[in-house]
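For clarity, every value in this text was computed on a predicted model and none was experimentally measured.
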Amino acid sequence: MIGKHVGYYFGSKLIAAILNLLSMAMFVRLAGHEVYGGSIVAMAWAAITYSLTLQWMRFAFFATYREETSDIQIANYLRVLALGMIVFGILTALAVWLQLVTQNTAIAVYVIVTGLAAYDALHEAARTRLQARTVAIGVITRSVLILLLGIAALKFHATALALALAFGAAHWGGAIALSHSVSGVLK
């Protein structure tokens, strides 16, 4: 069983790494340095914001994980995370209203941060519950969506915002692929 899990984890991470490298090369080629660089700045802001706002919850909940209470624990984590996303949305809107950040930046950061949070939460739930196949599906789905949605964004609206939104949406898609890991919890 362990060998099978390692195969799923390693194989999916290898495929994802190749797809992500391909995505980066294609996005630079299709978008040019300025548009691609702008999306990287949005992603960097989102990564910093995510680490300061919602990411700690994952570590707090799964640091005390117990198999016998896993359904309740994961359900509580998802509720608190959803509330955190709502509060983050309110704070993001307030930052735009106070003109601390532009609307485009706020939208890009919000979509990426919440996508990262949803993906990480469901990835961690599946990984902790030893659902290696589900984890592999989620990892590959996210990478395929980054590539496909990124190309579509650049073909239809070649802006840094569109590419950043495609990145965030790909994380939401990966989260949907991982949602099977918590299907029993959502009751």
Side-chain angles (χ1 to χ4, degrees), residues 16-17 19-63 74 76-125 138-139 141-179 182:
L19 287 170
N20 291 338
L21 185 60
L22 177 64
S23 295
M24 184 178 69
M26 290 190 71
F27 297 163
V28 170
R29 186 77 139 155
L30 291 172
H33 296 351
E34 188 174 325
V35 170
Y36 183 69
S39 70
I40 293 297
V41 169
M43 290 177 210
W45 274 113
I48 293 166
T49 304
Y50 175 51
S51 68
L52 293 172
T53 57
L54 301 174
Q55 188 177 30
W56 65 270
M57 290 183 217
R58 174 176 58 141
F59 301 118
F61 273 90
F62 289 102
I74 292 170
N76 286 337
Y77 169 50
L78 295 177
R79 284 185 198 104
V80 171
L81 184 62
L83 180 62
M85 288 179 184
I86 292 167
V87 170
F88 179 62
I90 292 167
L91 293 174
T92 302
L94 183 62
V96 170
W97 184 71
L98 293 172
Q99 298 179 345
L100 299 173
V101 65
T102 66
Q103 186 175 358
N104 282 355
T105 300
I107 291 168
V109 169
Y110 183 80
V111 170
I112 294 171
V113 167
T114 57
L116 283 169
Y119 177 82
D120 281 352
L122 295 174
H123 181 273
E124 191 70 16
V139 167
T141 299
R142 179 188 62 169
S143 293
V144 167
L145 288 175
I146 287 171
L147 178 63
L148 296 178
L149 294 176
I151 289 171
L154 293 174
K155 287 292 184 188
F156 294 112
H157 194 65
T159 64
L161 175 63
L163 189 55
L165 291 175
F167 182 77
H171 278 79
W172 276 105
I176 291 168
L178 289 163
S179 65
V182 294

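- The structure places CE of M43 at 10.0 Å from CG of L116, a figure rounded to the nearest 0.5 Å.
- At least one side-chain heavy atom of N76 sits less than 4.5 Å from a side-chain heavy atom of F61.
- The CG atom of L21 sits 11.5 Å away from atom OG of S143, with the distance rounded to the nearest 0.5 Å.
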Is there a side-chain contact (heavy atoms from CB on, under 4.5 Å) between V139 and H123 once you walk through the steps?
CA-CA 8 Å; V139 167; H123 181 273; 3.9 Å; yes
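- Separating the CD atom in E124 from the OH atom in Y77 is a distance of 7.5 Å, to the nearest 0.5 Å.
- A donor-acceptor distance shorter than 3.5 angstrom exists from the side chain of T53 to the backbone of T49, with no hydrogens or angles considered.
- Annotation for S39 and L163: closest pair OG-CD2, 3.3 Å, computed over non-hydrogen atoms.
- Pairing each heavy atom of G84 with each of M57, the nearest pair is CA-CE, 4.2 Å.
- Proximity of V109 to F88: side-chain heavy atoms (C-beta onward) are separated by under 4.5 Å at one or more points.
- Residues Y110 and T114 have side chains in contact (heavy-atom distance under 4.5 Å, counting atoms from C-beta outward).
- Smallest separation of non-hydrogen atoms from A108 and A164: CB-CB, 4.0 Å.
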Pair V113-W45, side-chain contact (heavy atoms from CB on, under 4.5 Å): steps then yes or no
CA-CA 9 Å; V113 167; W45 274 113; over 6 Å; no
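- Of the inter-residue distances, the one linking N104 atom CG with L161 atom CG reads 4.5 Å to the nearest 0.5 angstrom.
- The two residues L145 and G173 have their closest heavy-atom pair at CD1-CA, 3.5 Å.
- L122 contributes atom CG, which lies 8.5 Å from atom CH2 of W172 (distance to the nearest 0.5 angstrom).
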How far apart are the C-alpha atoms of Y50 and D120, what are their side-chain angles, what is the distance that settles it, and do they pass the side-chain contact (heavy atoms from CB on, under 4.5 Å) test?
CA-CA 11 Å; Y50 175 51; D120 281 352; 2.8 Å; yes
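- The two atoms that bring Y119 and H171 nearest to each other are CB-O, 3.6 Å, heavy atoms only.
- Looking at every heavy atom in both residues, A169 comes nearest to V111 through N-CG1, 4.1 Å.
- Partner of L165 under the side chain to side chain contact (heavy atoms under 4.5 Å, CB included) criterion, out of I107, I112, T159: I107 alone.
- Atom CE of residue M85 and atom CG of residue L54 lie 6.5 Å apart, to the nearest 0.5 angstrom.
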